[in-house]
Amino acid sequence: MPWALLIIAVIVGGWYWFESRWDRQIFATVPGRVCENLRAHEAMELLRARDDMQVLDVRSAAEFASGALPRAVNVSMSDPDFSKRVSELDKAKPVLVYCAGGYRSRKAVEQLLALGFASIHNLHRGYHSWRLAGNPAVTHEG
C-alpha cells in the first residue's frame with residue numbers, strides 16, 4: 001500500500017509542477033491584455049460585476065447538459081470547428097472559460113489568445129471547484 005500512495009504522490013506532484021509552469025506561460029502579464037486564472041469565488045464576483053461577461057464552457061455536450069455556470073454557452077474542445085465557433089464570440093468583451101478540472105480550459109485559453117481575445121478569465125480547477133464552492137449551476141436540456 002505505501003508504494004501506491006507514493007506513486008499517487010509522484011503523479012499529483014508532477015501535475016502540479018507541470019501546471020505551474022504552464023500557468024506562468026499562458027497567464028503572463030502582457031500590456032493591453034487581461035489573461036488570468038481565477039478561483040471560484042473570484043469568478044463568481046466577476047460574473048456578478050460584469051453583465052457583459054461571456055461564459056464559455058468547453059466540456060462535452062453531456063457534461064454541459066448535466067450542469068453549467070449561469071449564462072454559459074457550450075463549445076466543446078473536441079469540436080473540430082472549435083476555433084471557428086469561438087471566433088463568433090465578441091473579442092472585445094471579456095470571456096470566462098472553464099471545463100471540468102482545468103486542463104481543457106487552459107488549452108482553450110491558448111486558442112483564445114491566438115484568436116486575439118483581449119480579456120480572458122480561466123476558472124481554476126473548473127466546474128468542480130465552482131460546485132465545491134457552493135456556487136449556482138443551471139441545467140440544459142441535451
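Start at 1 with the first residue, then count along the sequence.
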Any donor and acceptor pair, going by atom type alone, linking the side chain of Asn74 with main-chain N or O of Arg59 inside 3.5 Å?
yes
CH2 (Trp130) and CG (Leu123) are apart, to the nearest 0.5 Å, by 7.0 Å
Co-membership, hydrophobic cluster, residues Val58 and Val73, 4.5 Å side-chain:
yes
Interatomic distance, Gln54 atom CD to Leu89 atom CG [nearest 0.5 angstrom]
5.0 Å
Asn37 CG to Ile26 CD1 distance, which is reported to the nearest 0.5 Å
7.0 Å
SG-CZ distance between Cys35 and Phe27, expressed to the nearest 0.5 angstrom
5.0 Å
May I ask you to test the Pro70-Pro136 pair for a side-chain heavy-atom distance under 4.5 Å?
yes
Using side-chain contact (heavy atoms from CB on, under 4.5 Å), reason through Val109 and Val97 one step at a time and then give a plain yes or no.
CA-CA 7 Å; Val109 166; Val97 61; 3.5 Å; yes
Asp52 side chain near Pro94 side chain, heavy-atom distance below 4.5 Å:
yes
Partners passing side-chain contact (heavy atoms from CB on, under 4.5 Å) against His41 (at least two apart in sequence or in another chain):
Arg39, Glu45
When you look at Leu56 and Val86, which way does the side-chain contact (heavy atoms from CB on, under 4.5 Å) test go after all the steps?
CA-CA 9 Å; Leu56 176 61; Val86 296; 3.8 Å; yes
Would you give the length of the straight line joining atom NZ of Lys107 to atom SG of Cys99, rounded to the nearest 0.5 angstrom?
12.0 Å
Output every pair passing side-chain hydrogen bond (donor to acceptor under 3.5 Å, both in side chains) with a member in residues 85-96, not counting sequence neighbours, ordered by first then second residue.
Asp79-Arg85
Would you check, one step at a time, whether the test side-chain contact (heavy atoms from CB on, under 4.5 Å) holds for Leu46 with Met53?
CA-CA 8 Å; Leu46 191 61; Met53 181 65 64; 3.3 Å; yes
Val55 vs Val95 side-chain heavy atoms within contact, under 4.5 Å
no
Main chain of Gly67, side chain of Thr139: is a donor-acceptor contact present, judged purely on distance under 3.5 Å?
no
Would you say the side-chain atoms of His121 and Arg50 include a donor-acceptor pair closer than 3.5 Å?
no
Take Met77 and Gln111 through the side-chain contact (heavy atoms from CB on, under 4.5 Å) test and state the conclusion after the steps.
CA-CA 10 Å; Met77 277 297 296; Gln111 290 193 33; 3.8 Å; yes
CG of Leu112 to OG of Ser105: how many Å apart, nearest 0.5 Å?
10.0 Å
Can you tell me if Tyr127 uses its side chain to pair, donor with acceptor, with the backbone of Asp57 under 3.5 Å?
no
Under the ring-ring contact (aromatic ring centres under 6.0 Å, His included) test, residues paired with Tyr103 that sit two or more places apart
Trp22
Ignoring hydrogens and angles, tell me if any N or O in the side chain of Arg48 forms a donor-acceptor pair with the backbone of Met44 under 3.5 Å.
no
Please report the shortest heavy-atom distance between Phe64 and Ala72, naming the atom on each side.
CZ-O, 3.6 Å
Here the pair of heavy atoms bringing Ala40 nearest to Ser129 is CB-O, 3.6 Å
Any side-chain heavy atom of Arg106 within less than 4.5 Å of one from His124?
yes
Is it true that Leu115 and Phe82 fall in one hydrophobic cluster, defined by side-chain heavy atoms closer than 4.5 Å?
yes
